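First up is the structure itself, then whatever we jot down about it.
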Amino acid sequence: MTVMNLSRFYRLQSGSLLQICRESYKLRSGNLPPSAYHLARRYESSIHDNPGAGRSRSTKNPILQELGPPTQGVIPEEILRPSRLAARILQQAYDAPKPVTPVPLTLKRIGESYLEGFLLFKSDPDVREDYVNQYNGIRLGKVLEDLDAFSGAIAYRHCQSPPLQEGGEVRLPNVAIVTASVDRIDLLSRPTIDVDFKLSGMVTYVGHSSMGITITMESVDENLEPLEKVLVARFSMVARDPDTQKAAQVNPLIIEDEKDNALFRAASEFKERKRAEASVDLKRNPPSSVERILIHDLYLESQHPPKAPRQSVSSTKCESAEICYPQDRNIHNFVFGGRLMKRAFELAYICGTLFCQRRPYLLGMDDITFKRPVPIGSILRYQANVVYATERSFVIKVQANLTEPEGGKEETTNVFNFTFTSAPGDMDFTPNDHLRRILPATYGESIQYLDGKRRWERAIHAAREAKSNLIDEF
C-alpha cells in the first residue's frame with residue numbers, strides 16, 4: 001500500500017449507479033452480476049434515506065463515517081476491495097491536519113468501528129484475475145495483505161472522535177497506529193476462487209494504548225448475504241505519539257448488551273491465554289520436564305538407522321532476499337506490514353512444497369510479532385525452515401532479518417509461524433503419503449522443534465474450539 005495513488009473513482013455519466021458498476025466490472029457482455037446490483041441498490045437506498053450523504057465533504061476528513069460516496073455522483077471502487085477501502089481511510093488519516101489542542105477521549109461502542117469490504121472473485125473478473133494462483137485457487141498471501149490493511153483502517157475508525165458541532169468533521173488525535181502483532185489467523189474451511197467473500201471486522205478489546213481487532217471472512221450469496229465463515233483473524237494494534245514514540249491512550253469501549261459483552265469477553269480471554277503462553281516462552285524459559293524427556297528421546301532416535309525418511313530442521317532451509325522500495329511504504333513511510341506477511345507466506349509455501357513434495361494447504365498463522373519498523377531502502381533476508389511435522393501437517397518458521405546497506409548491521413524484524421497440511425480433506429490419504437519426520441540435529445534445533453510442536457497444538461486447539469471444517473487435515 002502506498003501513500004500516493006491509493007484510490008480511484010468512477011464518475012457517474014448518466015445518473016445510473018448500475019451503469020458505473022458495469023463500467024467498473026468491464027464486462028463485455030453487458031450483463032451485470034447480481035451482487036453488483038445489490039451494491040448499487042445499497043448506495044441508492046443510503047442516499048435516498050440520508051440526503052446529506054451526497055453533499056460534498058472535505059477531503060481532510062480523517063475517517064469515513066459511512067461507506068457512502070464522498071460526493072454526489074461518485075462511487076468509491078473500494079467498496080468492492082477491502083485493501084482499497086482501507087487504503088482510502090488510512091490516506092485520509094494521513095492527510096488530516098494535526099489537532100491544535102488535544103482531542104478528548106470518547107466512549108465508543110464496539111460496533112462503531114465496524115468495517116466491511118468485498119472480494120468478489122465470482123462476480124468480478126478483474127478481482128479474480130488479481131488473486132488467482134497457479135492452481136486456479138486463491139493467492140492467500142494477497143488476502144493476508146488485505147487483512148493487515150483492513151485492521152489498520154478499523155483501528156483508525158475507533159480512534160476518531162465526533163465533531164465539535166453538527167455538520168462538522170470527525171476528529172482524529174495526533175497518533176500513529178501500528179500493527180503490534182498478528183495474534184492468530186485460522187482457516188475454518190477451504191476458500192475457492194469461484195465464490196464471493198465479505199471481510200468484516202471491528203475493535204473487540206481495548207487496553208490503555210492497545211486495540212484487539214477481530215476480522216472474519218465469509219462467503220456470500222448473490223444478495224451479499226453471509227453463507228459460511230471461512231477465516232477468523234485477530235490483530236493487536238497500538239497507538240503511539242508520533243513525536244515522542246510513547247504510548248498514546250485510545251478511546252475506551254462501552255459494553256451495551258450481551259452481544260457486545262460476548263465479543264469483549266472472548267477477546268479478553270484470548271489476551272489472557274496469550275499472556276500465559278508468553279510466560280513460558282522458550283526464549284526465556286527452559287523446556288518443561290516432559291519436553292526435556294522428548295528431546296532426549298529424539299537424540300536417541302538420531303543414533304539409530306532411520307526406520308522412515310527423516311530430515312533435520314536445517315536441511316529444510318529456504319532463503320530469499322529483497323530490497324524495500326518506496327512503493328511498499330505505509331502512511332508512516334515504513335514498509336507496509338501486510339507486504340512482509342505476503343512475502344513470508346510465499347517463501348513458507350515454497351518451503352512447504354519442497355518438503356512435502358506436493359501442494360501444501362494453509363491451516364493457520366500463529367503469533368506474528370512486528371519487533372521493529374522496516375525503513376525504505378533496507379535489505380530484507382527471509383529464511384524458512386520446517387520445524388515440526390506430523391504424518392500430514394507441519395509448521396514452518398520464517399525469520400525476516402533487516403540489513404542496513406550502510407554498515408551491514410543485521411537484526412531480526414519479524415518471525416512468522418505458519419501451519420500447513422499436505423493432505424486436504426478430499427485426498428485419499430495412505431501410509432505412503434506420510435510426511436518425513438523432522439529430527440533435530442542440535443540443541444538449538446530441538447528448541448525450534450518444541451516451539452513448533454506447541455504452535456501446532458495451539459492451532460489444532462483453535463480449530464476444535466471454532467468447530468473448523470478442516471480439523472481432520474491436521
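Keep in mind the model is a prediction, meaning the values are calculated, not measured.
Separating the CG atom in Leu363 from the CZ atom in Arg190 is a distance of 6.0 Å, to the nearest 0.5 Å. Distance CG/Leu380 to OG1/Thr403: 8.0 Å, rounded to 0.5 Å. Met211 contributes atom CE, which lies 11.5 Å from atom OG1 of Thr204 (distance to the nearest 0.5 angstrom). Atom CE of residue Met217 and atom NZ of residue Lys229 lie 13.5 Å apart, to the nearest 0.5 angstrom. Residue Arg437 holds its CZ atom at 10.5 Å from OG of Ser302, rounded to the nearest 0.5 Å. Atoms CG and CG, on Asp183 and Asp367 in that order, are 6.5 Å from each other to the nearest 0.5 Å.
Classification of the Phe394-Phe420 ring pair by plane angle, with boundaries at 30° and 60°, yields parallel. Taking the six-membered ring for Trp and thresholds of 30 and 60 degrees, Tyr205 and Phe264 have nearly parallel ring planes, at less than 30 degrees apart.
At a cut-off of 3.5 Å, with distance as the only test, a side-chain donor of Ser236 or Lys271 sits close to an acceptor on the other residue. No hydrogens or angles considered: nothing links the side chains of Thr316 and Gln311 as a donor-acceptor pair under 3.5 Å. In this structure, a donor-acceptor pair under 3.5 Å is absent between the side chains of Ser468 and Asp186. Judged purely by distance below 3.5 Å, without hydrogens or angles, the side chains of Glu112 and Asn251 never pair a donor atom with an acceptor atom. Looking only at atom types and distance, the side chain of Thr216 has a donor-acceptor partner in the side chain of Ser200 under 3.5 Å away. Judged by distance alone, the side chains of Asp146 and Tyr131 do bring a donor and an acceptor atom under 3.5 Å apart.
Between the side chain of Arg464 and the backbone N or O of Ile471 there is no donor-acceptor pair closer than 3.5 Å. Panel note: side chain Asn414, backbone Ala400; no donor-acceptor pair is recorded below 3.5 Å. Between the side chain of His158 and the main chain of Ile154, no donor-acceptor pair closer than 3.5 Å is present. Between the side chain of Arg372 and the backbone N or O of Leu402, no donor-acceptor pair lies under 3.5 Å. Within the 3.5 Å criterion, the main-chain N or O of Pro287 finds a donor-acceptor partner in the side chain of Arg292. Under a 3.5 Å cut-off, the side chain of Ser446 and the backbone N or O of Thr442 do form a donor-acceptor pair. A distance-only check finds a donor-acceptor pair linking the side chain of Glu445 to the backbone of Ser314 [under 3.5 Å]. In terms of modelled atom types and a separation under 3.5 Å, the side chain of Arg284 and the main chain of Ala278 share a donor-acceptor contact. Using a distance-only test at 3.5 Å, with no hydrogens or angles considered, a donor-acceptor pair links the side chain of Ser378 to the main chain of Pro375. At distances below 3.5 Å, at least one donor-acceptor pair connects side-chain atoms of Asp148 with backbone N or O atoms of Gly338.
Each of Met237, Lys274, Arg234 was scored for a side-chain contact (heavy atoms from CB on, under 4.5 Å) with Ser181, with one residue passing: Lys274. A side-chain contact (heavy atoms from CB on, under 4.5 Å) with Val250 holds for exactly one of Leu105, Val238, Val206; it is Val206. Screening Lys342, Arg343, Arg339 for a salt bridge (Lys or Arg N to Asp or Glu O under 4.0 Å) with Asp328, the sole residue that qualifies is Arg339.
Salt-bridge check for Asp451 with Arg455: passed, with a basic side-chain N closer than 4.0 Å to an acidic carboxylate O. Electrostatic pairing of Lys453 and Glu457 counts as a salt bridge here, judged by a charged N lying under 4.0 Å from a carboxylate O. A salt bridge is absent between Glu277 and Arg184: the closest approach of a Lys/Arg side-chain nitrogen to an acidic carboxylate oxygen does not fall below 4.0 angstrom. With respect to the salt-bridge test (charged N to carboxylate O, under 4.0 angstrom), the residues Glu291 and Arg454 qualify.
Considering only residues two or more places apart in sequence or on other chains, Asn285 meets the side chain to side chain contact (heavy atoms under 4.5 Å, CB included) condition with none of them.
Within 6.0 Å of the OH atom in Tyr299, the count of heavy atoms belonging to other residues, nucleotides or ligands does not exceed 12. Surrounding CZ of Arg128 are more than 12 heavy atoms belonging to other residues, nucleotides or ligands, all under 6.0 Å away. Within 6.0 Å of atom CZ in Arg273, more than 12 heavy atoms from other residues, nucleotides or ligands are found, so the atom counts as buried in its surroundings.
At a threshold of 4.5 Å between non-hydrogen side-chain atoms, the residues Thr419 and Glu473 do not count as touching. Between Phe370 and Val182, the closest side-chain pair of non-hydrogen atoms falls below 4.5 Å. Looking only at side-chain heavy atoms (C-beta outward), Val415 and Lys371 come within less than 4.5 Å of each other.
Here the closest heavy-atom approach between residue Cys324 and residue Val374 is recorded as SG-CG1, 3.8 Å. Between Ile438 and Ala389, the shortest heavy-atom contact is CG1-CB, 3.9 Å. Shortest non-hydrogen contact noted between Ser312 and Ser315 is O-OG, 2.8 Å.
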Report the C-alpha distance between Ile110 and Ile255 in whole Å, list the side-chain angles of each, state the deciding distance to 0.1 Å, and finish with yes or no for side-chain contact (heavy atoms from CB on, under 4.5 Å). CA-CA 7 Å; Ile110 283 182; Ile255 308 301; 4.0 Å; yes

Step-by-step salt bridge (Lys or Arg N to Asp or Glu O under 4.0 Å) determination, Asp130 to Lys142: CA-CA 9 Å; Asp130 286 346; Lys142 287 183 67 66; over 6 Å; no

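In summary, the aromatic rings of Phe416 and Phe345 are positioned with their centroids too far apart to meet the 6.0 Å limit.
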